[in-house]
2 protein chains.
Amino acid sequence: MSYVLSGKRPISDGTRQRVRASIEQLGYQPHAGARALASSRSRIIALMVPLRTDMYVPVMLDIAVAVATTARAHGYDVLLLTGEEGPSALRRVTGSGLAEAVILMDVQLHDERLAVLRTAGPPAVLVGLPADPSGLSCVDLDFAAAGALCVDHLAALGHREIAVVGESPGVYARHTGFAERTLRGLRQRAERLGVGLLHRACEGSHDAVARVLARILDERPGVSAFVVQNETAVEPLLALLRRTGRAVPEDVSVVAVCPEAVAAQASVPLTSVAIPAQELGRRAVERLVARLADPAARTGTELLTPVLTVRESSGPPPRPLGIPL
Amino acid sequence: MSYVLSGKRPISDGTRQRVRASIEQLGYQPHAGARALASSRSRIIALMVPLRTDMYVPVMLDIAVAVATTARAHGYDVLLLTGEEGPSALRRVTGSGLAEAVILMDVQLHDERLAVLRTAGPPAVLVGLPADPSGLSCVDLDFAAAGALCVDHLAALGHREIAVVGESPGVYARHTGFAERTLRGLRQRAERLGVGLLHRACEGSHDAVARVLARILDERPGVSAFVVQNETAVEPLLALLRRTGRAVPEDVSVVAVCPEAVAAQASVPLTSVAIPAQELGRRAVERLVARLADPAARTGTELLTPVLTVRESSGPPPRPLGIPL
DNA sequence: CTGAAAGCGCTAACAA
DNA sequence: TTGTTAGCGCTTTCAG
């Protein structure tokens, strides 16, 4: 009866041994429901993943897996919710005591799910950043800094005219935080450094990339570098550049904001700012667990510092400017 | 107390109305744990997804989302388990009454998780087919038939020498059912039709595809058609064929086994056999729910019939053979 | 340090 | 058709 007591009270070694042995031999397993009922803690975290088709899926799955893994390491299980279900799903799983806490992915700037969290909200962590993160706990990559980093790198190499191949139009239409923040970072830094910047949303298909590329080259013939924030557009872009006789990085530079794996395996290994999917999932859970253990634990926003890795896709522009010697 | 009774016993209309009203106004939500305890039914299905990096992720996620969506439609929630945790996770969630039933993805021919399911097993459905499916409930695409279909199509067009660009070596090393079954289907049909068939496993990176392609063309100069079962290899392959001056479908044909979206959005829209990810997830849940409702419900294997859609990547070989008229 | 007992909120069986 | 009640298997409090 009093067993296992998760060490909640002193137990003699003898008793502990005896109980442990019985547990093994009988294959005893505590009933999850009974436990949840008596303790009013289900040891379940709900994870809401989007089911969009215009986002790069591997990142989502990576985060989800990291969440599940980290949660398990802390004794929690993960309940899978689809974004489709919206705010009501949060109320449901939370109100019924099914889940003790919630992790939200693919947060939008003005996300309807946030209302639930602010009012009588269950402990929650967002992977992403809404317009107003006050009172919420958020974890994300500092995409604004990531954008700035890309411009810095290219400007330092001597590029004066940069084109940005962005996410699908739908992503911006939904005001997805990370895309807009990256763009802001790119624009601000470009302006400060006096570098020209042209941004175009872009679907991931070969044809769409071809169209966008053509437009960009038409509107800004002086472009010598691309920043790509769209994993599925990476290969089409590289292929098209190759096909039109533009060597990377000799003729044009390409910098991506994408997972390491994508950058490293591209047909030209890409200089890139990594999206640390696993790290994001891990941190989200750790924050949540900390808050579950101690409701007074710190809330607020945690932005991971982006890191740019130089690979083979970036170099000085074809006609070097103002770098004497 | 007697409320909502899920219609388990006759209730007068008046009472029903009254109870419903109170439920609304008080925002009452039944406690999941208490419910699970009293009824010994948690209304939770555990879904075990692999966390491999060498499988095409969108298909996995599609299945998972379909499972979650369909489960909700039947009043179930989904618990996310990673393949990493192995058989013990099944015992844990199942033994503790956390989950009533289990869906397994990425099943291997000799899967260690199957032992748990056969002995004192909880209701389970596999998405995929093990070597011995007896006593188990399985749902999958008939990959053998899919392979045969590809060969049929190409042979009918007049191709006599086909190369297969397969999944990563690791997939075969693990004896993942779908890959081996496809291969078997391809080989048997090729043999029957007297068509030459060369299979090579292939990583998804551009370089790997280049190497494999070079080997194939070297070993079998007469190859006039490719069957690709590796989503990430599709674009590299098309790019390489283009680059080496082989027009698709005029010089070589390409047929893929992949999701519709991949085939349709390729730089050359691909003739393909679709992988119906959503359908698989949906069916898996429906089988499970049927069995949960009626333990006597049919078990066994359900193989979806593959469908080949002709797009723009397949045509007759460059030098037509023996098709007089 | 350990035993005993009172619920946790619900379902299901038993009366009425 | 409806009211009552006995648990479901655990956690936790209160005695010892």
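As a basis for the values below, the full set of heavy atoms in this structure was taken, side chains included, without hydrogen atoms, waters or symmetry mates. Proteins come first, then strands; the chains are lettered A, B, ... in the order of their sequence lines, and each starts at number 1.
Put simply, OH on B/Tyr28 is 10 Å from P on C/dG9, counting in whole angstrom units. At whole-Å resolution of the value, CG in A/Leu37 and C1' in C/dG7 are 9 Å apart. In this structure, A/Gln17 places its CD atom 14 Å from P of C/dC1, rounding to the nearest Å. Atoms CD1 (B/Ile23) and C1' (C/dC10) sit 13 Å apart, rounded to a whole Å. Rounded to an integer number of Å, the gap from B/Leu98 CG to D/dC10 P is 13 Å. C/dG9 atom C1' lies 18 Å from atom CZ of B/Arg41, rounded to whole Å. Rounding to whole angstrom units, NE2 of residue A/His31 and P of D/dT11 are separated by 12 Å.
For B/Pro30, the listed nucleotide lying nearest its side chain is C/dC10; candidates were C/dC8, C/dT11, C/dC10. Distances from the side chain of A/Ala38 to the nucleotides D/dT11, C/dA12, C/dC10 place D/dT11 closest.
In this structure, A/Ser42 contributes its side chain and A/Ile44 its backbone to a donor-acceptor pair below 3.5 Å. Formation of a donor-acceptor pair under 3.5 Å by the A/Arg41 side chain with backbone atoms of A/Arg35 is not found in this model.
A cation-pi arrangement is absent between A/Arg181 and A/Phe143 under the rule of less than 6.0 angstrom and at most 45 degrees off the ring axis.
Checked against B/Glu180 for a side chain to side chain donor-acceptor pair (under 3.5 Å), the options B/Arg174, B/Gln108, B/His175 give a single hit: B/His175.
At least one side-chain nitrogen or oxygen of B/Arg35 sits closer than 4.0 Å to the OP1 or OP2 atom of C/dT11.
Looking at heavy-atom distances under 4.0 Å, B/Ser39 makes contact with sugar-phosphate atoms alone, never a base.
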